[in-house]
Amino acid sequence: MESGPVCTCWPGATVWITGLPSAGKTTIATTLATHLRGHGRRVEVLDGDQVRACLHSGLGFSREDRHTHVRRVGMMAEVLARNDVLALVPVIAPYADSRAAVRTRHHRSGTRFLEVHVATPVEVCSRRDVKGLYARRSAGEISALTGVDDPYEAPEDPDLVIEAHQQDVGASVAALRTLLTTKGLA
């Protein structure tokens, strides 16, 4: 698919997409990014797992390390968004205070920030088990799995809740695209 000319008529923003492992965050973000790029929108996807593997490989999964990871990804997203890029950020970010710190950073710089909660129940995520984390947890190979034996603090007032277990990817992407359109971001 060829993309059209890049349009710089949209302001940058960060769309923080949070939810449990295997909730559908990355699938929604990458599908939307492909669509928006085809319409000339400057978009980057900052996938939490990819950023962790490439830039934050020394971090573990303690609360402090998770906070550091979220803060660093948030800084990257804010820099992109300040430069008129739409940063789609599918990151678990299990703690409300970590997400609040990212939101505050954006507000301080005058950069738009939206929070999207992909609210897929842990039972559905466990069946999907895209990366085999739930199976590894059940086999005793890993611990501290978010939503199972480590907390996940769901957003209290997100800009959008996507019930990805009740609709297909197309409907989830359409809901997010509608939010972006109503906010003047797509």
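No hydrogens, no waters, no symmetry mates; every other heavy atom, side chains included, goes into these values.
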Worksheet entry | Set of ring pair (Phe, Tyr, Trp, His ring centres under 6.0 Å) partners for H35, sequence neighbours left out | H39
Item to complete: Using a 4.5 Å cut-off on heavy atoms from C-beta on, say whether the side chain of D150 contacts that of P94.
Response: no
Practice prompt. Grab the two heavy atoms, one from R41 and one from P11, that are nearest each other, plus how far apart they are.
Written response: NH2-O, 2.6 Å
Worksheet entry | P21 vs Y134 side-chain heavy atoms within contact, under 4.5 Å | yes
Discussion item. Can you give me the closest heavy-atom contact between V91 and K25, atom names plus distance?
Written reply: C-CE, 4.0 Å
Worksheet item: What are the two closest heavy atoms between V122 and G147, and how far apart are they?
Response: CG2-O, 3.8 Å
Discussion item. Both conditions, 6.0 Å and 45 degrees, for the charged tip of R63 above the ring of Y95: are they met here?
Written reply: yes
Response to the item:
Output for pair (W10 CH2, L86 CG), nearest 0.5 Å, gives 10.0 Å
Fill in: Exam field: side chain E44 to backbone A87, donor-acceptor pair closer than 3.5 Å
no
Discussion item. Strictly distance-based, threshold 3.5 Å: is any side-chain N or O of R37 a donor or acceptor partner for the main-chain N or O of V43?
Written reply: yes
Worksheet item: Should V51 and V70 be counted in the same cluster of Ile, Leu, Val, Met, Phe, Trp and Tyr side chains packed under 4.5 Å apart?
Response: yes
Practice prompt. Report yes or no: do V169 and L160 belong to one cluster of Ile/Leu/Val/Met/Phe/Trp/Tyr joined by side chain heavy-atom distances under 4.5 Å?
Written response: yes
Fill in: Gap between atom CZ of R105 and atom CZ of R71 - 0.5 Å precision
9.0 Å
Worksheet item: Does the side chain of E78 pick up a donor-acceptor pair with the side chain of S109 at under 3.5 Å?
Response: yes
Discussion item. Please determine whether residues L114 and V89 belong to a single hydrophobic cluster, defined as Ile, Leu, Val, Met, Phe, Trp and Tyr linked transitively by side-chain heavy-atom distances below 4.5 Å.
Written reply: no
Discussion item. Any non-hydrogen side-chain atom of T146 less than 4.5 Å from a side-chain atom of L20?
Written reply: yes
Discussion item. Any side-chain to backbone donor/acceptor pair from R66 onto F61? Under 3.5 Å, distance only.
Written reply: yes
Discussion item. Under 3.5 Å, is there a donor on one side chain and an acceptor on the other for H67 and S98?
Written reply: yes
Item to complete: Please examine the side chains of E115 and D157, heavy atoms only from C-beta on, and report whether any two atoms are closer than 4.5 Å.
Response: no
Item to complete: Consider only side-chain heavy atoms of I, L, V, M, F, W and Y, link residues closer than 4.5 Å, and tell whether L88 and V85 are in one cluster.
Response: no
Discussion item. Please report the interatomic distance NE2(H106) to CZ(R112), rounded to the nearest 0.5 Å.
Written reply: 12.0 Å
Fill in: Test log, rule salt bridge (charged side-chain N to carboxylate O under 4.0 Å, His left out), inputs D84 and R42
CA-CA 7 Å; D84 296 327; R42 294 175 61 197; 5.4 Å; no
Worksheet entry | L59 and R72, any side-chain heavy atoms less than 4.5 Å apart | yes
Discussion item. Out of the candidates V116, I17, L179, only one should pair with I162 under the side-chain contact (heavy atoms from CB on, under 4.5 Å) rule; please name it.
Written reply: V116
Worksheet entry | T178 side, atom OG1; K183 side, atom NZ - distance, nearest 0.5 Å | 13.0 Å
Item to complete: Answer yes or no: does atom CD of E141 have more than 12 heavy-atom neighbours from other residues, nucleotides or ligands under 6.0 Å?
Response: yes
Worksheet item: Does any non-hydrogen side-chain atom of T31 lie less than 4.5 Å from one of T27?
Response: yes
Worksheet item: Do I92 and Y152 touch side chain to side chain, with heavy atoms closer than 4.5 Å?
Response: yes
Worksheet item: Quick check: does any side chain N or O of T34 sit under 3.5 Å from a backbone N or O of T30, one acting as donor and the other as acceptor?
Response: yes
Practice prompt. Assess the side chains of S22 and D129: does a donor N or O sit below 3.5 Å from an acceptor N or O?
Written response: no
Discussion item. Do R128 and T120 have side chains that approach each other closer than 4.5 Å (heavy atoms only, starting at C-beta)?
Written reply: yes
Discussion item. According to ring pair (Phe, Tyr, Trp, His ring centres under 6.0 Å), does anything in residues 158-177 pair up with another residue at least two apart or in another chain? List the pairs.
Written reply: none
Worksheet entry | Hydrophobic cluster identity match, L46 and F113, side-chain contacts under 4.5 Å | yes
Worksheet item: Where the side chain of T111 meets the backbone of H107, is there a donor-acceptor pair that is under 3.5 Å apart?
Response: no
Worksheet item: Which heavy-atom pair separates P155 from R99 by the least distance, and what is that distance?
Response: N-NH2, 3.4 Å
Discussion item. Looking at every heavy atom in both A164 and V118, which two are closest together, and how far apart are they?
Written reply: CB-CG1, 3.8 Å
Discussion item. Looking at every non-hydrogen atom in both residues, tell me the closest pair between L36 and A186 and how far apart they are.
Written reply: CD2-CB, 3.9 Å
